Every structure is written in structure tokens, then in C-alpha cells.
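Here the structure comes first, spelled out in C-alpha cells, and everything after it is commentary.
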Amino acid sequence: MSNHAIDRLDVEPVNKKENRSLYAARKKIFPKRTEGFYRRLKWWIMAVTLGIYYVTPWLRWDRGPHAPDQAVLVDMANRRFYFFFIEIWPQEFFYIAGLLVMAGVGLFLVTSTIGRAWCGYTCPQTVWVDLFIAVERWVEGDRNARMKLDKAPWTFDKIRKRVTVHTLWLVIAVLTGGAWIFYFADAPTLLVNFVTLQAAPVAYITVAVLTFTTYVFAGFMREQVCTYMCPWPRIQAAMLDEHSLTVTYNDWRGEPRSRHQKKAIEAGEKVGDCIDCNACVAVCPMGIDIRDGQQLECITCALCIDACDGVMDKIGKPRGLIDYATLNDYQSNITGTPAETGWRSFIRPRTFVYIAVWSGIGLTLLGLLATRDRLDLNILRDRNPIFVQLSDGAIRNGYTVKILNMKAEPRAFRLSLENLPGAEMTVSGSTDAPAGELVFDVAPDRLLATKVFVRADPAELAGTRSEFTFRIDEIDGAESDRVDAVFEAPERQTK
Ligand code: SF4
Ligand code: SF4
């Protein structure tokens with residue numbers, strides 16, 4: 001088919017390099033609808049990411065009667081994070097820190113191999129902008145219809161369409177903010193409380209803030225968030241190298257571009273494959289022309305690849321005039337040397353280092369998770385008084401004993417002493433006789449803190465400072481813990 005069948009689209013890349021200045025008012029972008037592999041991929045990724053975001057708080061996970069049954073829950077009130085079978089306590093925050101480091105290293109790995117895939121496919125800003133544009137297109141029509149409507153005077157039809165679009169945007173924005181708060185409390189309970197105006201003020205404030213930011217960022221600011229607010233485009237520039245995939249216009253093949261190829265060829269002029277139809281510019285949500293080369297604004301959403309492939313199909317030329325390519329591929333094509341394409345370009349020291357670091361952290365966290373204790377003993381010796389001499393001559397020291405039961409079931413523990421001959425314990429306020437062992441019942445997922453007095457015969461003590469050990473054992477289980485402590489006595493009383 002001849003290129004005469006392809007209409008040239010009247011579109012200017014609004015974010016062209018020459019148009020950049022210290023300040024310029026935003027020019028609206030009306031991305032044209034496109035079809036193809038990457039567009040379909042983006043729809044699928046949008047469905048999966050939004051599905052995960054909206055559905056996750058409603059998933060249930062049975063942890064027994066003493067723990068919440070929400071699969072993923074950030075329980076701020078009780079300072080716990082639940083993720084399916086994993087429960088993280090505040091002192092185990094290093095797991096979250098480890099996951100964040102893994103996410104960072106994973107992002108380095110992705111960027112160094114397949115470029116800004118995060119920006120183009122999974123970043124919330126990209127996903128929600130895509131969704132908002134889909135709504136806009138559904139109500140107002142494709143690029144030309146939207147541009148026409150934008151310029152048209154305020155008729156009833158324009159008001160109706162605009163009100164519909166903004167209403168749908170606001171509904172999505174409210175649902176976005178609404179879904180977020182369900183991660184922080186039992187979702188069904190919070191929903192009932194929220195609609196009956198009985199939820200905490202912070203819930204309404206959070207929903208209001210997220211509704212506002214979603215509506216403004218995805219509805220109005222769009223590409224400006226990526227270009228001016230997000231630091232990632234700057235950071236990723238340092239991570240890309242000659243082996244990283246980026247969306248590339250193969251100018252070695254496309255130039256010199258010509259809108260009248262047939263005439264040019266007949267006139268003996270050299271022409272490239274680009275027919276200057278502007279389809280790639282019209283679909284770009286960032287308002288750039290990829291034929292101008294690599295640009296900070298390009299989020300590598302690959303929609304221009306789909307648009308150009310469609311054009312190449314129509315004019316009977318091979319696909320890939322715009323394609324994912326590494327700088328090495330590009331140079332090879334220009335110099336005529338074989339390109340190191342495909343998965344082989346991923347095999348390089350840098351990617352191995354990222355994979356090794358990522359897997360190392362992941363395996364360490366898994367190992368720690370599999371072997372972590374669900375019991376913790378903490379001992380704090382009284383400073384004032386350091387010791388007390390009882391009427392029978394025995395010396396008494398006081399300790400605050402904290403027993404942490406990190407399981408969602410009640411457990412009983414036995415507290416005993418090691419290396420303090422003849423010493424006995426009593427619980428403060430108890431009338432029980434002193435004993436060598438004490439038994440404590442600790443509620444599920446709770447910390448039991450109590451004052452324990454240890455009394456020892458001065459004749460049995462080796463000096464003014466006797467080092468000994470508190471030991472705790474689970475009565476119906478295998479967990480135990482030990483904490484070293486010191487028993488103080490007056491000088492002349494010891495043997
Ligand atoms: S130039 Fe292409 S890949 Fe880059 S943002 Fe525009 S459409 Fe997406
Ligand atoms: S690169 Fe492809 S889509 Fe863009 S103007 Fe040239 S032929 Fe058209």
C-alpha cells in the first residue's frame with residue numbers, strides 16, 4: 001500500500017526541546033488512541049495493578065481468634081504489619097527496610113536492562129493518567145473530537161460531556177483514596193463506619209487528600225508530574241548504559257523522512273522509511289516527538305512503537321522503525337557491525353551484581369523469617385534502690401521482666417534463674433512464697449511486663465556483683481530465651 005493512504009496528522013510535539021523555557025504555561029495534550037502489542041500489554045498491566053490495589057484490603061486470612069483476619073493490614077493502633085502468614089512487629093522493622101532496599105535494587109536492575117519500564121507501565125501516575133485518558137476518550141471521543149470540543153463554545157453538549165468526565169474522574173479519585181485507608185483498618189468495619197460518618201477524622205482527611213491529588217495529578221497535571229515533580233527521570237539517567245533498552249527511533253532507517261516518497265523516489269532522491277505521518281507524535285502522552293532522539297520526558301510507554309508499526313504494516317514496510325533498542329544496537333546498525341541484541345545484552349557484570357545483591361537480601365530475609373523467635377525476654381534492673389536487705393538478712397534486687405508473646409495464641413512460660421545459687425523469685429504484690437521458678441500466662445500477641453524480686457542469701461554470693469542469667473521456657477513448646485543480668489549486694493555481707 002502506498003503512503004498516500006496514510007493521512008498526515010496535524011500535531012505539534014508540545015514538549016519539543018525548542019519550546020522548553022524556565023517557565024511556560026502547560027499546553028494540553030490530546031493523545032490519540034492506538035492499538036497494538038504494547039497498548040494491549042498496558043491494558044493488562046493496568047487491570048492487574050489496579051485490581052491488586054483495590055482488592056487486596058478485602059482479602060481475608062485466618063490467623064485464629066486472637067488476630068485480625070485481614071490478609072494485608074497495617075495495624076497502626078497495635079503497631080503490627082500483617083502480610084498473609086507473616087506478622088511484623090515494630091522491632092522487626094528491618095524486614096520492611098530490607099524489602100524497600102530490594103525494591104530499590106530491583107528498580108536499578110529493571111532500569112539498567114529494560115530502561116524506564118517502571119515509568120511506562122507500572123508507576124501509579126502512568127496507570128491513573130492512562131485510566132483518566134481512557135475515561136475522557138470514552139465520553140468525548142478520540143483526539144480530534146476532544147480538541148474540537150476543547151475549542152468549542154460552552155454549549156449544553158459540551159457542559160454535559162465535561163460534567164460526565166469530571167464526575168467519573170472524581171469517582172475514581174474517591175475510590176483511590178478510599179481503597180488506601182482500608183489497608184490501615186479492618187476493611188468491612190471501616191467501610192460501614194466511613195459511610196455512617198463514624199470513622200476517625202484521619203480517615204476522611206486521608207480520603208480527601210488522596211482524592212484531591214489523584215484528581216489533580218491524573219486529570220490536569222499529567223505529564224508535568226513526570227517531567228517536573230518526579231526525581232526518577234534524573235536518577236535513571238545515571239543508570240542507563242549502552243546495553244539498556246530504550247524506545248528508539250531508528251533514524252538510520254527512517255531518514256531522510258519524506259511525505260511524498262513516491263515522487264521523491266521517482267526524482268532519484270534517497271528516502272528513508274519514515275513517511276512523516278506524525279502518528280508517533282499524536283499518540284504520545286508526554287507530547288514529544290521520539291524522532292528528536294532520547295528525551296527526559298519519554299517514559300518508554302512504547303505507544304509510539306505501536307503507532308508506527310501500524311503505519312509500517314499499511315505501507316508494506318518492516319515493523320520496528322521505532323522500537324526498543326539499546327544504544328549498542330543503534331550504533332551497530334549505523335556502523336553495520338553485528339548487534340548484540342536480545343537477552344544477551346542483559347548478561348553483563350552490572351546486572352549480575354544487581355541480581356546477586358537482590359537475591360542475597362531476599363534469601364537473608366527469608367532465612368531470618370524462617371528462623372525468627374516468637375518469644376522475647378527483656379530484663380531491666382532497678383537502679384533505685386540497687387538492693388534491699390531484708391529482715392532475715394537476705395539481699396533483694398528488683399527487676400522489670402518483659403515477656404513478649406509474638407504468637408496469636410495464649411502461651412505459658414516458665415521463668416528461672418541460672419548461676420545464682422539458692423536464689424528465689426517473687427512477683428511484686430504477690431503473696432506467694434518465693435520460688436526458684438515462676439510461671440506466667442501471656443495473652444496472644446501481647447507484652448507482659450511485671451516487677452520481679454530476686455532474693456539471695458549473702459553467704460551464697462561470690463562478691464558485690466554476681467552475674468547470672470534469667471531463662472524463660474515455653475511450657476507447651478520449644479521456644480526459650482536467656483538474658484544475662486547482675487545481682488548487687490553490699491560489700492561486707494558477701495562471703
Ligand atoms: S516517545 Fe513514545 S515511548 Fe516515549 S513517552 Fe512518547 S509515546 Fe511513550
Ligand atoms: S516514525 Fe513512523 S509513525 Fe512516526 S512519523 Fe515516521 S512513519 Fe509516522
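Both counts, for ligands and for their atoms, begin at 1 and track the order of listing. Counting begins at 1 with the first residue of the sequence. The structure presented is a predicted model; accordingly, all values stated were derived computationally and were not measured.
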Think Arg80 forms a cation-pi with Trp89, using NZ or CZ under 6.0 Å from the six-ring centre and within 45 degrees of its axis? yes

Show, in sequence, the C-alpha distance, side-chain angles and deciding distance for His166 and Phe132, and conclude whether the ring-ring contact (aromatic ring centres under 6.0 Å, His included) test is met. CA-CA 10 Å; His166 286 266; Phe132 273 43; 9.3 Å; no

Test the Arg39-Trp43 pair against the cation-pi criterion, namely NZ or CZ under 6.0 angstrom from the six-membered ring centroid and within 45° of the ring axis. yes

Tightest non-hydrogen contact, residues Pro57 and Ala187, listed as O-CB, 3.6 Å

Quick test: of every protein heavy atom, which one is nearest to atom 8 (Fe) of ligand 1, and how far off is it to 0.1 Å? Cys301 SG, 2.3 Å

Residue pair Val207 / Thr211: nearest heavy atoms and the distance that separates them: O-OG1, 2.6 Å

Which atoms of ligand 1 have any heavy atom of Ala302 under 4.0 Å away? 3 (S), 8 (Fe)

Does Asp289 approach ligand 1 within less than 4.0 angstrom via side chain, backbone, both or neither, non-hydrogen atoms only? neither

For the side chain of Asp241 and the backbone of His243, is there at least one donor-acceptor N/O pair under 3.5 Å apart? yes

Which heavy-atom pair separates Phe30 from Arg146 by the least distance, and what is that distance? C-NH2, 3.3 Å

Rounded distance (nearest 0.5 Å) linking atom CD1 of Ile299 with atom SG of Cys119: 7.0 Å

At a 4.0 Å threshold, what atoms of ligand 1 neighbour a non-hydrogen atom of Ile290? 1 (S)

Is a side-chain donor-acceptor pair under 3.5 Å present for Thr176 with Tyr54? yes

Heavy-atom nearest pair, Asp10 first then Arg143, reads O-NH2, 3.3 Å

Against heavy atoms of Met286, which atoms of ligand 1 measure under 4.0 Å? 5 (S)

of all protein heavy atoms, closest to atom 4 (Fe) of ligand 1 is Cys298 SG, 2.3 Å

What protein heavy atom lies closest to atom 6 (Fe) of ligand 1? Include the residue and the distance to one decimal. Cys284 SG, 2.3 Å

Indicate, as side chain, backbone, both or neither, the part of Asn278 found under 4.0 angstrom from ligand 2 when only non-hydrogen atoms are considered. backbone

Could you tell me if any non-hydrogen atom of Thr300 lies under 4.0 Å from any atom of ligand 1? yes

Atom 2 (Fe) of ligand 2: which protein N, O or S atoms are under 2.8 Å away? Cys308 SG

